[in-house]
Amino acid sequence: MMVHGTLDEIVPVSHAHLLFAAAPEPKQLHIIDGVGHNSLIPEAGTEWVETISAWADGLEDN
């Protein structure tokens, strides 16, 4: 699972796409619009929690 913000000023979102393409399955990429590297969790709050929770719930299925 990769979660990345579109305004990341440290790791460009293009790098997230490259890493995701190179990663083996199973994999998931979730891009959150309008948040940066250090503001991802505080600014994306609910969306981040829902994304991580859905991913964690999916682990129980495997």
Side-chain angles (χ1 to χ4, degrees):
M1 162 56 78
M2 293 177 59
V3 181
H4 203 90
T6 58
L7 299 180
D8 192 321
E9 63 284 354
I10 296 173
V11 180
V13 72
S14 61
H15 290 194
H17 288 287
L18 291 171
L19 287 169
F20 181 75
E25 293 287 348
K27 59 185 178 180
Q28 293 178 13
L29 173 62
H30 187 85
I31 304 294
I32 299 179
D33 192 38
V35 295
H37 189 86
N38 293 317
S39 63
L40 180 67
I41 296 171
E43 290 184 17
T46 303
E47 184 175 355
W48 183 85
V49 169
E50 290 172 355
T51 299
I52 297 300
S53 294
W55 171 75
D57 288 345
L59 294 176
E60 295 174 3
D61 297 336
N62 294 324

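Bear in mind that the values here come from a model prediction, so they are computed numbers and not experimental data.
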> Shared ILVMFWY cluster between Leu7 and Ile10, side chains joined below 4.5 angstrom?
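Different clusters.
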> Pair up each side-chain donor or acceptor in residues 41-51 with any protein partner under 3.5 Å, not counting sequence neighbours, and list the distances.
from  : atom 1 : to    : atom 2 : distance (Å)
Glu47 : OE2    : His30 : NE2    : 2.9
Thr51 : OG1    : His30 : NE2    : 3.4
Thr51 : OG1    : Glu47 : O      : 2.8

> Between OG1 of Thr6 and CG of Leu40, what distance do you get to the nearest 0.5 Å?
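Interatomic distance, Thr6 OG1 to Leu40 CG, rounded to 0.5 Å: 10.0 Å.
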> Can you sort out the partners of Glu9 under side chain to side chain contact (heavy atoms under 4.5 Å, CB included), two or more places apart, ordered by chain and number?
His37, Asn38
> When hydrophobic residues are tied together by side-chain contacts of less than 4.5 Å, even through go-betweens, does Phe20 share a cluster with Trp55?
no
> Please name all residues satisfying side chain to side chain contact (heavy atoms under 4.5 Å, CB included) with His17, sequence neighbours left out, ordered by chain then number.
Val13, Leu29, Ile31
